[in-house]
Amino acid sequence: MKTSTERNRAIDALRGFAMLMVVYHHVLQKAWEADTALSAISGYWRMPLFFFISGFLASGLYDWALFKCRCANRLRYQLMPTVVMALAFCAAFGISVMDMLEMSTKMGYWYPYALAVICIAYMALSFGLGLLGCGRRGQATVMATLALGLGALAIYTKGMAFGTAERWIDIFAARKIVAMAPYFLVGVTVGLYRERWNLLLGRRWVVGVCLIAFLLCCKWQWFDLPVNYLKGLLGIASMWGIFSLLAAYFSAANLAVRNPAAARLGAALCALGRSTLPVYLLHYFPIALLAATDLSILLPVDAHPLFRLLPLITAILITALCLLISRLLRRYPSLHRLTLGRP
């Protein structure tokens, strides 16, 4: 079994790769006005994967001291920088704050907000269950049940209008929260039994089955929970898609250890994975500037395959720029905490 440090490095690298896919998708969508197979496939799992990993890392049995500490950290180092950078984005590009609030996506800043809300709600629930004497097994059962219930709710309410309440649903990004909470809660459920999870993924036949399932999930688009009802099976298939993705990743990570070039790539992804919040908060600024230019003329339909790499290269450069800005701001810890979170 891997050590805790090795497992954390693997998770950091996975988060780094998912973050790069987020930037790549936004570059394609907003600056190049194009799409690729890589972006289309990653679109089904990149955000659910972030929530799954966050739930996995946040899982635990919370007492008052732990709840108070982690809740304060979420508010100070995640929610506050998100609000500051969202307001800065509005000021920089002449967007009304009220218009941004009434968008369900919050100009893209919905993710750290929704993650903070879901995490704080989970920690409060875990603390409450602890007061009732609920142990690991009981809490895992509650979280798994909630995940299925919220998954069913996300599917059932997809496309449903709620009249005058719709405006408040958008303001609080309630649809996003309900759609992503199941992935977080399943991550919590797995995290509560992380020793068994790592032992299971150490078996080759399990990884083989999961690799096949991952390919099938990509083909049938089972990653996006609210997309379909019968195929989704109330989110069970969607959750299986995330499990299979993680199994595929850990299988690749085990092979990468023996390859120096892959190890260097893994180290770079680890560095990115430890700075996902600064990159996420910053990357919208250069992308918005690029969107003002018509980059699509550089990528015609009949372009040479090498030209298809331009959006990916652009995404890598923007990611590197965001990491550089974050590194420079670390010289001023108070400013970094205010705008980009924990230095």
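Starting from 1, each residue takes its place in the sequence as its number. Values below: all heavy atoms of this structure, side chains included; hydrogens, waters and symmetry mates excluded.
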With respect to Tyr111, which candidate in Phe51, Phe184, Tyr284 satisfies the ring pair (Phe, Tyr, Trp, His ring centres under 6.0 Å) definition? Phe51
Consider only side-chain heavy atoms of I, L, V, M, F, W and Y, link residues closer than 4.5 Å, and tell whether Leu132 and Phe127 are in one cluster. no
I would like to know whether Ile287 and Gln29 meet side chain to side chain contact (heavy atoms under 4.5 Å, CB included); could you show each step before the answer? CA-CA 10 Å; Ile287 288 178; Gln29 186 183 58; over 6 Å; no
Is Lys106 reaching over with its side chain to a backbone N or O of Leu101, donor-acceptor style, under 3.5 angstrom? yes
Within the supplied structure, the quantity of interest is the number of heavy atoms (other residues, nucleotides, ligands) at a distance under 6.0 Å from Phe285 CZ; does it exceed 12? yes
Just checking, Arg194 and Phe56: is the charged tip under 6.0 Å from the six-membered ring centre and within 45° of the axis? yes
Within this structure, what is the CG-CE distance for the pair Leu277 and Met19, rounded to the nearest 0.5 Å? 9.5 Å
Do Ser326 and His336 have side-chain heavy atoms sitting under 4.5 Å apart? yes
With clusters defined by side-chain heavy atoms of hydrophobic residues (ILVMFWY) lying less than 4.5 Å apart, directly or transitively, does Tyr280 cluster with Tyr77? no
Let me confirm one number: the CG-CZ distance from Asn73 to Arg342, rounded to the nearest 0.5 Å. 4.5 Å
Would you confirm whether Thr276, through its side chain, and Leu272, through its main-chain N or O, come within 3.5 Å as a donor-acceptor pair? no
Taking atom CZ of Phe162 as the centre, report whether more than 12 heavy atoms of other residues, nucleotides or ligands fall under 6.0 Å from it. yes
Val117 reachable from Val84 in the ILVMFWY side-chain graph, under 4.5 Å edges: no
Could you give the distance from SG (Cys90) to CE (Met107), rounded to the nearest 0.5 Å? 7.0 Å
Point-to-point distance, once rounded to the nearest 0.5 Å, from CG of Leu115 to OG of Ser54: 4.0 Å
Looking only at atom types and distance, does a side-chain atom of Thr141 sit under 3.5 Å from a main-chain N or O of Arg137, one as donor and one as acceptor? yes
Mind checking whether Leu75 and Tyr109 sit in one hydrophobic cluster, side chains of I, L, V, M, F, W, Y counted as touching below 4.5 Å? yes
Quick one: closest heavy-atom pair of Pro112 and Leu281, and the distance? CG-CD2, 4.2 Å
With side chains defined as the heavy atoms from C-beta onward, is the minimum distance between Leu335 and Leu340 less than 4.5 Å? no
CD1 (Ile118) and OH (Tyr113) are apart, to the nearest 0.5 Å, by 9.5 Å
Heavy-atom pair with the smallest gap, counting every atom of Met160 and Glu166: O-OE1, 4.0 Å
So, Gln139 side chain and Leu61 main chain: donor-acceptor pair closer than 3.5 Å or not? no
Just how far is it from atom CG of Asp12 to atom SG of Cys270, taken to the nearest 0.5 Å? 5.5 Å
Side chain to side chain donor-acceptor pair (under 3.5 Å) involving Arg136 - partner list, sequence neighbours excluded: none
What do the steps show when you test Thr105 against Met100 for side chain to side chain contact (heavy atoms under 4.5 Å, CB included), and what is the final call? CA-CA 8 Å; Thr105 61; Met100 184 200 68; over 6 Å; no
Flag yes if more than 12 heavy atoms outside Arg330 fall under 6.0 Å of its CZ atom; otherwise flag no. yes
Stepwise side chain to side chain contact (heavy atoms under 4.5 Å, CB included) check, Val23 with Ile316: CA-CA 8 Å; Val23 179; Ile316 292 172; over 6 Å; no
Relative to each other, are the rings of Tyr122 and Tyr62 parallel, tilted or perpendicular (30° and 60° limits)? perpendicular
Might you point out which heavy atoms bring Val186 and Ala147 nearest each other, and give the distance in Å? CG2-CB, 3.7 Å
Shortest non-hydrogen separation from Gly60 to Ser126 and the atoms involved: O-OG, 3.3 Å
Applying side chain to side chain contact (heavy atoms under 4.5 Å, CB included) to Leu282 and Leu321, what does each step give before you reach the verdict? CA-CA 9 Å; Leu282 284 169; Leu321 175 63; over 6 Å; no
Can you name the closest pair of heavy atoms from Met123 and Arg70 and give their distance? SD-CB, 3.5 Å
For Leu192 and Ser59 the tightest heavy-atom approach is N-OG, 3.8 Å
Under 3.5 Å, is there a donor on one side chain and an acceptor on the other for Thr319 and His283? no
